[in-house]
Enquirer: 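One structure follows; several queries about it will come next.
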Amino acid sequence: MPRLVMQTSLNLPNKRSGKVRDLYDVEMADGSQALLIVATDRVSAFDVVLGNGPAGKGVVLTQISKFWFDHFAGVVDHHLISTDPADIPGISEAEREQLAGRIMLCRAATVIPVECIARGYLAGSGWKDYQASGQVCGIELPKGLTNGDRLPQPLFTPSTKADTGHDENISFDEGAAIVGAETMMWLKDATLRLYGLARDYALDRGIVLADTKFEFGIVEGVAEPVLIDEIFTPDSSRFWPADEWKPGGEQPSFDKQYVRNHLETVVAAGNWDKTPPGPPLPEDVIANTIARYLEAYRLLTGSELVFP
């Protein structure tokens with residue numbers, strides 16, 4: 001059984017925690033600065049961290065990201081240095097064991113403050129937007145589309161963080177006002193290129209990659225932005241079984257949508273209002289969630305994930 005890691009407390013400087021990841025600064029042996037990203041087993045939904053999570057989820061996310069970083073190494077530069085805890089200076093052997101399989105040691109980067117979203121299918125907030133306006137993030141779409149339809153062409157729908165920490169959709173021009181028109185065009189082109197390649201690769205292996213989000217950063221001495229954070233994981237993307245894809249309703253998924261759907265039943269029953277603290281997940285939901293993540297890994301990589 002994989003180890004459950006909900007929190008970390010390493011003897012490294014400047015710890016900060018996101019909803020799922022713990023981040024630390026690392027000084028490498030050559031004096032350069034690096035970033036340590038630890039994927040815990042925390043689960044967030046509706047911007048709230050839930051009370052428990054599936055053991056090993058962070059390992060699956062990390063190994064899927066590593067697979068994609070390796071896969072796209074010749075397409076776009078990225079921040080990943082290593083996923084081996086032995087390469088982290090200044091921590092104990094016990095800490096290395098806790099971190100096995102779930103870390104990314106990365107080049108330090110300044111985050112570009114625009115989240116890059118590619119949508120190839122109509123789903124989630126895009127479907128709600130389309131129902132209300134016939135558009136997705138201000139982009140006009142043909143009439144008559146249904147929930148789960150493949151879009152005529154993938155859309156680039158950037159967002160940024162509002163003061164509350166929630167994602168806020170922005171137009172291309174609004175993004176250009178933040179980061180500059182040239183950078184914004186580069187982000188759009190890179191996002192759609194990566195999405196198109198990954199969508200085709202995944203479809204050949206039985207997965208519909210409906211949409212995804214990226215982050216990019218600036219690394220000192222590197223001319224173009226580099227890909228950072230996680231990529232094409234069940235936390236950052238919608239994965240649907242290709243053989244079960246049927247437009248016209250909600251799709252079965254390999255991703256976090258399964259957890260969201262469960263939580264909507266909790267909300268409907270009046271047992272949660274989508275504010276912290278998040279409720280714990282039942283054991284069957286935890287088991288089914290990790291099973292879906294592992295199946296996504298198997299289909300994408302062609303091998304079973306062996307937990308450390």
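What you are looking at is a predicted structure, and each value in this text was computed from that prediction instead of being measured.
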Enquirer: Hey, can you pull the donor-acceptor pairs under 3.5 Å for the side chains in residues 184-193, sequence neighbours left out?
Expert:
| residue | atom | partner | partner atom | Å |
| --- | --- | --- | --- | --- |
| Trp186 | NE1 | Glu224 | OE2 | 3.3 |
| Thr191 | OG1 | Leu187 | O | 2.7 |

Enquirer: State which residues pass side-chain contact (heavy atoms from CB on, under 4.5 Å) with Ser125; sequence neighbours excluded, sorted by chain then number.
Expert: Arg119

Enquirer: Identify, with sequence neighbours excluded, every residue that meets side-chain contact (heavy atoms from CB on, under 4.5 Å) alongside Pro280.
Expert: Asn52

Enquirer: Okay, side chain of Thr160, backbone of Val114: is any donor-acceptor separation there less than 3.5 Å?
Expert: no

Enquirer: Between atom CD1 of Ile290 and atom NZ of Lys57, what is the distance when rounded to the nearest 0.5 Å?
Expert: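 Rounded to the nearest 0.5 Å, the CD1-NZ separation comes to 8.5 Å.
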
Enquirer: Of Trp68, Tyr195, Phe232, which is the lone residue that meets ring pair (Phe, Tyr, Trp, His ring centres under 6.0 Å) with Tyr201?
Expert: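 The ring pair (Phe, Tyr, Trp, His ring centres under 6.0 Å) with Tyr201 is passed solely by Trp68 among Trp68, Tyr195, Phe232.
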
Enquirer: Go through the steps for Asp84 and Ser82 under the test side-chain hydrogen bond (donor to acceptor under 3.5 Å, both in side chains), then give the verdict.
Expert: CA-CA 6 Å; Asp84 187 349; Ser82 172; 5.4 Å; no

Enquirer: Could you pull out all donor-acceptor pairs under 3.5 Å where a side-chain atom in residues 95-105 meets a protein atom, sequence neighbours excluded?
Expert:
| residue | atom | partner | partner atom | Å |
| --- | --- | --- | --- | --- |
| Glu95 | OE1 | Ser92 | N | 2.9 |
| Glu95 | OE1 | Ser92 | OG | 3.4 |
| Arg96 | NE | Glu93 | OE2 | 3.1 |
| Arg96 | NH1 | Pro85 | O | 2.7 |
| Arg96 | NH1 | Ile88 | O | 2.6 |
| Arg96 | NH2 | Ile88 | O | 3.3 |
| Arg96 | NH2 | Ile91 | O | 3.2 |
| Arg102 | NH1 | Ala39 | O | 2.8 |
| Arg102 | NH1 | Asp41 | OD1 | 3.0 |
| Arg102 | NH2 | Arg3 | O | 3.3 |
| Arg102 | NH2 | Asp41 | OD1 | 3.4 |
| Arg102 | NH2 | Asp41 | OD2 | 3.2 |

Enquirer: In chain order, what residues pass the salt bridge (Lys or Arg N to Asp or Glu O under 4.0 Å) check against Asp70, with sequence neighbours excluded?
Expert: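 Asp70 satisfies salt bridge (Lys or Arg N to Asp or Glu O under 4.0 Å) with Lys66 once adjacent residues are dropped.
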
Enquirer: Sub-3.5 Å donor-acceptor pair from the side chain of His79 to the main-chain atoms of Asp229, do we have one?
Expert: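 Yes; at least one donor-acceptor contact below 3.5 Å.
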
Enquirer: Checking Thr265 side chain against His262 main chain: does a donor-acceptor pair fall under 3.5 Å?
Expert: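 Side chain of Thr265 to backbone of His262, a donor-acceptor pair under 3.5 Å: yes, one is there.
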
Enquirer: Among Ile, Leu, Val, Met, Phe, Trp and Tyr joined by side-chain contacts under 4.5 Å, find the other residues sharing a cluster with Leu145 and list them by chain and number.
Expert: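 Leu122, Trp127, Tyr130, Val136, Ile139, Leu141, Leu151, Leu155, listed by chain and number.
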
Enquirer: Should we say atom CD of Glu140 is surrounded by more than 12 heavy atoms from elsewhere, each under 6.0 Å from it?
Expert: yes

Enquirer: Keeping Arg21 on the side-chain end and Arg16 on the backbone end, is there a donor-acceptor pair under 3.5 Å?
Expert: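 A pair under 3.5 Å: no.
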
Enquirer: Please examine the side chains of Lys15 and Asp22, heavy atoms only from C-beta on, and report whether any two atoms are closer than 4.5 Å.
Expert: yes

Enquirer: Hey, are Asn147 and Glu250 close enough side-chain-wise for a donor-acceptor pair under 3.5 Å?
Expert: yes

Enquirer: Mind checking salt bridge (Lys or Arg N to Asp or Glu O under 4.0 Å) for Asp87 and listing every partner two or more places apart, or none if nothing turns up?
Expert: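 By the salt bridge (Lys or Arg N to Asp or Glu O under 4.0 Å) rule, Asp87 matches no residue at all.
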
Enquirer: Salt bridge (Lys or Arg N to Asp or Glu O under 4.0 Å) with Lys274: which residues, sequence neighbours excluded?
Expert: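 For Lys274, the residues satisfying salt bridge (Lys or Arg N to Asp or Glu O under 4.0 Å) (neighbours in sequence not counted) are Glu264.
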
Enquirer: Ignoring hydrogens and geometry, is there a side-chain-to-backbone donor-acceptor pair from Gln135 to Asp129 under 3.5 Å?
Expert: no

Enquirer: To the nearest 0.5 Å, how far apart are CG in Asp255 and OG1 in Thr289?
Expert: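 Reported value, rounded in 0.5 Å steps: 10.0 Å.
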
Enquirer: Where the side chain of Ser237 meets the backbone of Phe239, is there a donor-acceptor pair that is under 3.5 Å apart?
Expert: no

Enquirer: Check whether Arg298 reaches the backbone of Glu304 with its side chain - one donor and one acceptor, N or O, closer than 3.5 Å.
Expert: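 Not confirmed, Arg298 side chain does not pair with Glu304 backbone.
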
Enquirer: Does Asp273 CG have over 12 foreign heavy atoms under 6.0 Å away?
Expert: yes

Enquirer: With sequence neighbours left out, write down each residue that passes ring pair (Phe, Tyr, Trp, His ring centres under 6.0 Å) with Tyr297, or none if nothing qualifies.
Expert: none

Enquirer: Given the side-chain rings of Phe72 and Phe214, with only the six-membered ring counted for Trp, is the space between their centroids under 6.0 Å?
Expert: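 Ring centres of Phe214 and Phe72 not closer than 6.0 Å.
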
Enquirer: Does a side chain donor of either Asp235 or Thr233 reach within less than 3.5 Å of an acceptor in the other side chain?
Expert: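 On atom types as modelled, these side chains do not qualify, holding no pair under 3.5 Å.
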
Enquirer: With sequence neighbours left out, what residues match Asn288 under side-chain contact (heavy atoms from CB on, under 4.5 Å)?
Expert: Tyr258, Arg292

Enquirer: Linking directly or through intermediates, with side-chain heavy atoms under 4.5 Å: list the remaining ILVMFWY members grouped with Val5, chain and number order.
Expert: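 Result for Val5 is none, singleton.
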
Enquirer: For a 4.5 angstrom cut-off between non-hydrogen side-chain atoms, does Arg199 reach Pro154?
Expert: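 Counting from C-beta outward, Arg199 and Pro154 do come under 4.5 Å.
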
Enquirer: State plainly whether the residues Asp211 and Arg238 are in salt-bridge range, i.e. N to O under 4.0 Å.
Expert: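 Looking at Arg238 together with Asp211, the answer is yes, because their closest N to O distance falls below 4.0 Å.
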
Enquirer: Does any N or O in the side chain of Arg205 come within less than 3.5 Å of the main-chain N or O of Leu299, such that one atom is a donor and the other an acceptor?
Expert: no

Enquirer: Can you measure from CG (Leu50) to NZ (Lys19) and round to the nearest 0.5 angstrom?
Expert: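 Result: 11.5 Å between the selected atoms.
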
Enquirer: Who pairs with Tyr121 by ring pair (Phe, Tyr, Trp, His ring centres under 6.0 Å), at least two apart in sequence or on another chain?
Expert: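 Counting only residues at least two positions away or on another chain, Tyr121 forms a ring pair (Phe, Tyr, Trp, His ring centres under 6.0 Å) with Trp240, Trp245.
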
